[in-house]
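Just so we're on the same page: letters track the sequence lines, and every chain starts at 1.
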Amino acid sequence: MLKGMLLERVAETSRRVAATTKRLEKTDLIAALLGEARGEEIEIAVAFLSGRARQGKIGVSYRTLHNLGVNAAERARLELMDVDRAFTAIAGVEGAGSERVRGALVAHLFSRATAQEQQFLSALLVGELRQGALEGIMLEAVAKAAKLSLERVRHAAMVAGDVTAVARAALETGEAGLADYDIRLFRPVQPMLAQTAEDAGEAIEDLGEAALEYKLDGARVQAHKSGDQVVIFSRALNDVSAASPEIVEAVRALPAKDLILDGEALSLKPDGRPQPFQVTARRFNRKADVEKIRKELPLTPFWFDLLYLDGNLLHEPQARRFAELQKVAPVIPHLRTSDAVAAREFLEEALERGHEGIMAKAPGSEYATGARGRAWLKVKRAKTLDLVILAAEWGSGRRKGFLSNLHLGARDTEKGGFAMLGKTFKGLTDEMLAWQTREFLKIEIARDANTVYVEPKIVAEIAFNDVQISPRYASGLALRFARVKRYRTDKTVEQTDTFQTVKKIAVGGIGGE
DNA sequence: GTTACTGCGTC
DNA sequence: CTCGGAA
DNA sequence: TTCCGAGGACGCAGTAAC
């Protein structure tokens, strides 16, 4: 009887992958390991080295792992298959007392692992492997190990919606094995993604003639239909049919037997304007009272692409896919133009109607599953505020040793003091990180475990997309997608924006109270 | 029963 | 979701 | 250009604790 691959082999590879910053070296290390794996082990190894369990999230928290209190094994004996079976068992526990049972199962697994293996398993389970390689590098490694072209492997994985099975097929049966991974009904494909453009003008400049569409602020949905059978998938390819019965019904009624649609679903107010995102979000991942909530907050799907209609359309140009789509389903508001002025007007119209912005698509482009290319561009509009930094949290990973995540405050001219509007760590260069760490420590007024509180005197220009109602912050409001544009050392606190200004933006955006 | 907290998925 | 850094 | 990782805001589900 052959011995299976040891967990140690994977943990050691992960450690070495993390140790180098060179992409090719990472690829080589992973490819070498894949060459040694057999059968199901291939799928397990691919999942682990992509930073996840085959079972997905299995409900093991940071806290569970820290309260284990088990010793490490002396010798590495755990096989990949053992670990995979243990994960399946752990994921299956539910109900009252489940946290204790799960903890016991995790403890037993960990007691059989060496110290290094324990470290690897911990990182894997909390999703913090941070070896500088995820699915992108994995695809390259699979291609290398199977001696196939990267494009071939990537396409199969994206159309299959999953790398693990494709990796196994590629390694076991090569080119022939990948032939099965064509688009197929009820097997979701990775949705095509977009890059950002500054404004409508840049999008037209990039694309020439472009297919413009409203960008709606809801959730991405992929609908599969064959006859009466309909399944709706989310962006992460979860089956969300149960939570969105009205979408299922709408798709079932479409005049085509077999199709796959791509679109965005959101809830509209009675006047046709969109609900704020956080309101539409009440429909996502929902199990309780679906029939009741669908009456209060019905979801409306807006379709913008057709991937399959009695056959594969992925490789057809966008213009043809959209034309076919219009014959069978209600489509998103759209405009085909090469005129920058018309594009700008279209953007203004979308914004005026309460939407997020527009998309601009290359009419000649195929549906590049899972790719974030320049064939699709998104144009949104950010707002900015000058805010005061109230505190900063110590960073982790490559930001360890630097003050990173910033607490943002706006002057409250009524109550005095500052209203906290959330936090951001985005938009900071290494230079800014170093600067703020230095400067903040000079004006420190207090600290706790992870946070340094500072005198409220540093001003930063903060970009954001929306103001949301916040159940978390005392101010009652929080910024959505906040990021730092620059520090305003030229501005005093008295010159910053006030909480009262923020409230006005909120009322404008949310629709008033 | 109700609340608090964490995990997960959406953006 | 956004951004900056590295290859 | 592509990939990665630094983490942000919500809301719901599920358990544990009260």
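Taking the side chain as every heavy atom from C-beta outward, A:Phe402 and A:Met432 never approach each other to under 4.5 Å.
Nucleic acid contact class of A:Ala371 (heavy atoms, under 4.0 Å, all strands): none. As judged by a 4.0 angstrom heavy-atom cut-off over every strand, A:Gly218 is placed among residues touching the sugar-phosphate backbone only. Residue contacts shown for A:Ala219 are limited to sugar-phosphate atoms, with no base heavy atom under 4.0 Å away. Counting non-hydrogen atoms under 4.0 angstrom, A:Lys400 reaches nothing in the nucleic acid. Contacts of A:Ala96 with the nucleic acid, taken as non-hydrogen atoms under 4.0 Å apart, involve only primed sugar atoms and P, OP1 or OP2. Within the nucleic acid shown, A:Arg220 comes within 4.0 Å of sugar-phosphate atoms alone, with no base atom in reach, counting heavy atoms only. Residue A:Arg154 is in sugar-phosphate contact alone, with no base atom involved, counting any heavy-atom pair closer than 4.0 Å across all strands shown. Residue contacts for A:Lys485: at a heavy-atom cut-off of 4.0 Å it reaches no nucleic acid atom on any strand shown. Nucleic acid contact for A:Glu128: none, since no nucleic acid atom lies under 4.0 Å from a heavy atom of the residue. Residue contacts shown for A:Ile137 are limited to sugar-phosphate atoms, with no base heavy atom under 4.0 Å away.
Taking only side-chain atoms of A:Pro471, from C-beta outward, the nucleotide of B:dC8, D:dC12, D:dC10 with the closest atom is D:dC10. The side chain of A:Tyr473 has D:dA9 as its nearest neighbour among D:dC4, D:dG8, D:dA9. Which of B:dC11, D:dC10, B:dC8 sits closest to the side chain of A:Glu356 comes down to B:dC11. If you check D:dG11, D:dG8, C:dG4 against the side chain of A:Phe425, the one that comes closest is D:dG8. Taking only side-chain atoms of A:Lys380, from C-beta outward, the nucleotide of C:dC1, D:dG11, D:dT15 with the closest atom is C:dC1. Distances from the side chain of A:Asn238 to the nucleotides D:dA16, B:dT10, D:dG8 place B:dT10 closest.
Contact check, A:Ser470 against D:dC10: a side-chain N or O comes under 4.0 Å of OP1 or OP2. Checking the phosphate oxygens (OP1, OP2) of D:dG14, a side-chain nitrogen or oxygen of A:Lys287 falls inside 4.0 Å. Close to D:dC10, at under 4.0 Å from its OP1 or OP2, lies no side-chain N or O of A:Gln468. Between D:dC12 and A:Arg286, a contact under 4.0 Å exists linking OP1 or OP2 to a side-chain N or O. Of the side-chain N and O atoms in A:Arg398, none sit less than 4.0 angstrom from OP1 or OP2 of D:dG5. Put simply, A:Asn285 has no side-chain N or O that comes within less than 4.0 Å of OP1 or OP2 on D:dG11. For C:dA7, the OP1/OP2 oxygens have a side-chain nitrogen or oxygen of A:Thr21 closer than 4.0 Å. Remark: A:Ser234 is not in phosphate contact with B:dG9, judged by side-chain N or O atoms under 4.0 Å from OP1 or OP2. Phosphate proximity of D:dA9 to A:Asn465: absent, as no side-chain N or O sits under 4.0 Å from OP1 or OP2. A close approach under 4.0 Å does not occur between any side-chain nitrogen or oxygen of A:Lys426 and OP1 or OP2 of C:dC1. In this structure, A:Arg372 does not reach the D:dT2 phosphate: none of its side-chain N or O atoms is under 4.0 Å from OP1 or OP2.
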Just the atom pairs and distances: protein N or O near nucleotides 1-6 of chain B's N or O, under 3.5 Å.
none

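Annotation: the span from A:Ile232 atom CD1 to A:Ser241 atom OG amounts to 5.5 Å, rounded to 0.5 Å. Taken to the nearest 0.5 Å, the NE2 atom of A:His334 stands 11.0 Å off from the OH atom of A:Tyr214. Between atom CD of residue A:Gln468 and atom CD of residue A:Gln278 there is a gap of 5.5 Å, rounded to the nearest 0.5 Å.
Between A:Lys423 atom NZ and D:dC10 atom P there is a gap of 11 Å when expressed in whole angstrom units. The CZ-C1' distance, from A:Arg399 to C:dG5, rounds to 10 Å in whole Å. At whole-Å resolution of the value, CD in A:Glu135 and P in D:dG5 are 12 Å apart. Nucleotide C:dC1 holds its P atom 12 Å from the CZ atom of A:Arg483, rounded to whole Å. Atom CD1 of A:Ile505 and atom C1' of D:dA9 are 16 Å apart (whole Å). Atom P of nucleotide C:dC1 and atom CD of A:Gln195 are separated by 12 Å, given to the nearest angstrom. In this structure, A:Leu385 atom CG and D:dG8 atom P are separated by 20 Å, rounded to whole Å.
On a pure distance criterion of 3.5 Å, a polar donor-acceptor pair joins the side chain of A:Arg23 and the base of D:dT2.
The neighbour count for A:Glu249 CD, taken as heavy atoms of other residues, nucleotides or ligands under 6.0 Å away, is above 12. By the neighbour-count criterion of 12 heavy atoms within 6.0 Å, atom CZ of A:Arg294 is densely surrounded, having more than that number from other residues, nucleotides or ligands.
Here A:Phe48 and A:Phe87 bring their ring centres to under 6.0 angstrom of each other.
Taking the ring axis of A:Phe464 as reference, the NZ or CZ atom of A:Arg480 does not stay both within 45° of it and closer than 6.0 Å to the ring centre.
A donor-acceptor contact shorter than 3.5 Å links the side chain of A:Thr88 to the backbone of A:Asp84.
Results of the side-chain contact (heavy atoms from CB on, under 4.5 Å) test with A:Leu479 over A:Thr424, A:Asn465, A:Asp466, A:Ile462 single out A:Ile462 as the only residue that passes.
On the C1' atoms, C:dC1 is 16 Å away from B:dC8, given to the nearest whole Å.
Residue order along DNA chain C, read from the 5' end via each residue's closest nucleotide, puts A:Lys215 first among A:Lys215 and A:Val484.
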